[in-house]
Amino acid sequence: MAFEGLADRLQGTIKKITGKGKVSEQDVKEMAREVRLALLEADVNFKVVKDLINRIKERAVGQEVMESLTPGQQVIKVVREELTTLMGGEQSKIAVADRAPTVIMMVGLQGAGKTTTTGKLANHLRKKHNRSPLLVAADIYRPAAINQLETLGEQLDMPVFSMGNDVNPVDIAKKAIEQAKAEHNDYVIIDTAGRLHIDNELMDELQQIKSSVKPDETFLVVDSMTGQDAINVADSFNEQLDVSGVVLTKLDGDTRGGAALSIKAVTDKPIKFAGVGEKTDDFEAFHPERMASRILG
Ligand code: GDP
């Protein structure tokens with residue numbers, strides 16, 4: 001399960017301070033040091049850790065904590081609030097176009113879980129919001145990608161738009177939106193191509209799709225198991241494509257948690273959803289507060 005090591009360490013640190021009737025500055029310093037080490041070990045970006053620890057220290061030695069009746073618990077409350085803020089604070093909702101269809105473009109590296117997530121998101125929109133999405137196969141390079149999406153569409157009993165792999169992805173996306181209008185699909189989810197590594201050709205293509213269809217959301221799909229790499233990938237994609245949100249996949253694995261805890265701070269883009277397994281139902285809205293509680297126990 002994700003965050004296991006981090007949760008264990010933080011919960012151990014917290015136990016030491018929770019019951020204290022009096023908390024000294026020294027106690028706070030010690031706790032901050034342990035929290036810092038635990039976060040670094042969990043692969044949280046070091047600058048993110050530094051800022052977070054400074055805020056925690058500043059607040060935890062403040063009057064409101066030191067003079068409260070339960071200072072130990074107040075310190076933990078500060079840590080919980082700061083972790084929640086770090087992951088985005090309020091849960092972030094999906095944008096909706098003024099006029100249907102709402103267009104969502106999925107981007108990310110190959111293997112991050114883009115195609116799977118396209119299906120999961122469509123399933124989520126239908127189940128939770130009673131929507132009727134059209135899935136669009138715009139990854140024309142990976143031979144199996146179109147089939148994979150078509151199979152997902154069959155499983156979900158949902159339409160998939162494809163034009164094979166000889167047509168420019170920009171044209172595919174445009175035609176798909178026309179079809180969605182004609183067929184009254186209120187969401188269009190475009191599965192784009194990925195690569196093993198970021199390259200200019202890929203970015204050019206994604207920028208072209210983005211500028212011609214002007215999606216309401218551009219979701220970056222990031223594999224949370226890839227640690228610091230996930231942060232770097234998110235940073236570059238965001239720089240070049242100005243993404244509107246992040247979907248973290250594979251949170252069911254034994255990820256140390258660094259990506260979940262750093263991405264919002266590094267990109268300033270909210271984590272909107274989390275993939276928590278291989279099945280189409282293994283998908284949830286990302287709640288920073290719940291995630292902080294999961295980590296802190
Ligand atoms: P793409 O190349 O980005 O389109 O990636 P795929 O959608 O093909 O996914 C790559 C692999 O990751 C597949 O084996 C998926 O089943 C798996 N995968 C995707 N999301 C999750 C997730 O949230 N949890 C787990 N455990 N596996 C996932």
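Counting starts at 1 for both ligands and their atoms, following the listed order. Nothing fancy with the numbering, it's 1 onward along the sequence.
The contact set between ligand 1 and Gly113, taken as ligand atoms under 4.0 Å from a residue heavy atom, comprises 1 (P), 3 (O), 5 (O), 6 (P), 7 (O), 9 (O), 19 (C). Residue-ligand proximity, Leu109 to ligand 1, at heavy-atom distances under 4.0 Å covers atoms 3 (O). Distances below 4.0 Å separate heavy atoms of Val276 from the following atoms of ligand 1: 23 (O). Using a 4.0 Å cut-off to heavy atoms of Arg142, the atoms of ligand 1 that qualify are 2 (O), 4 (O), 8 (O). Listed by number with element, the atoms of ligand 1 under 4.0 Å from a non-hydrogen atom of Gln148 are 6 (P), 7 (O), 8 (O). Ligand-side atoms of ligand 1 in range of Gln110: 2 (O), range being under 4.0 angstrom from any heavy atom.
Under the 4.0 Å criterion applied to side-chain N and carboxylate O atoms, Lys47 and Asp51 are assigned as salt-bridge partners. Contact check on Lys77 versus Glu81 returns a salt bridge, with a Lys/Arg side-chain nitrogen under 4.0 Å from an Asp/Glu carboxylate oxygen. Using a 4.0 Å cut-off between charged side-chain N and carboxylate O, Lys16 and Asp27 make no salt bridge.
What sits closest to atom 15 (C) of ligand 1 on the protein, heavy atoms only, is Thr116 OG1, 3.7 Å. The protein heavy atom nearest to atom 3 (O) of ligand 1 is Lys114 N, 2.7 Å. What sits closest to atom 22 (C) of ligand 1 on the protein, heavy atoms only, is Gly277 O, 3.1 Å.
Exactly one of Thr255, Thr117, Asp282 qualifies for a side-chain contact (heavy atoms from CB on, under 4.5 Å) with Thr249. That residue is Thr117. Applying side-chain contact (heavy atoms from CB on, under 4.5 Å) to Gln179 and the options Lys181, Lys175, Glu183 leaves one that passes, Glu183.
Gly194 does not count as a contact of ligand 1, since none of its heavy atoms falls under 4.0 Å from the ligand. In this structure, Asp252 counts as a contact residue of ligand 1, since one of its heavy atoms falls inside 4.0 Å of the ligand. Heavy atoms of Gly253 stay at 4.0 angstrom or farther from ligand 1.
Across Glu278, Lys250, Met225, Lys120, heavy-atom proximity to atom 12 (O) of ligand 1 is greatest for Lys250.
Between the side chains of Gln155 and Thr280, no donor-acceptor pair of N or O atoms lies under 3.5 Å. Using modelled atom types and a 3.5 Å distance limit, the side chains of Tyr141 and Gln110 yield no donor-acceptor pair. Judged by distance alone, the side chains of Asp216 and Thr102 never bring a donor and an acceptor atom under 3.5 Å apart.
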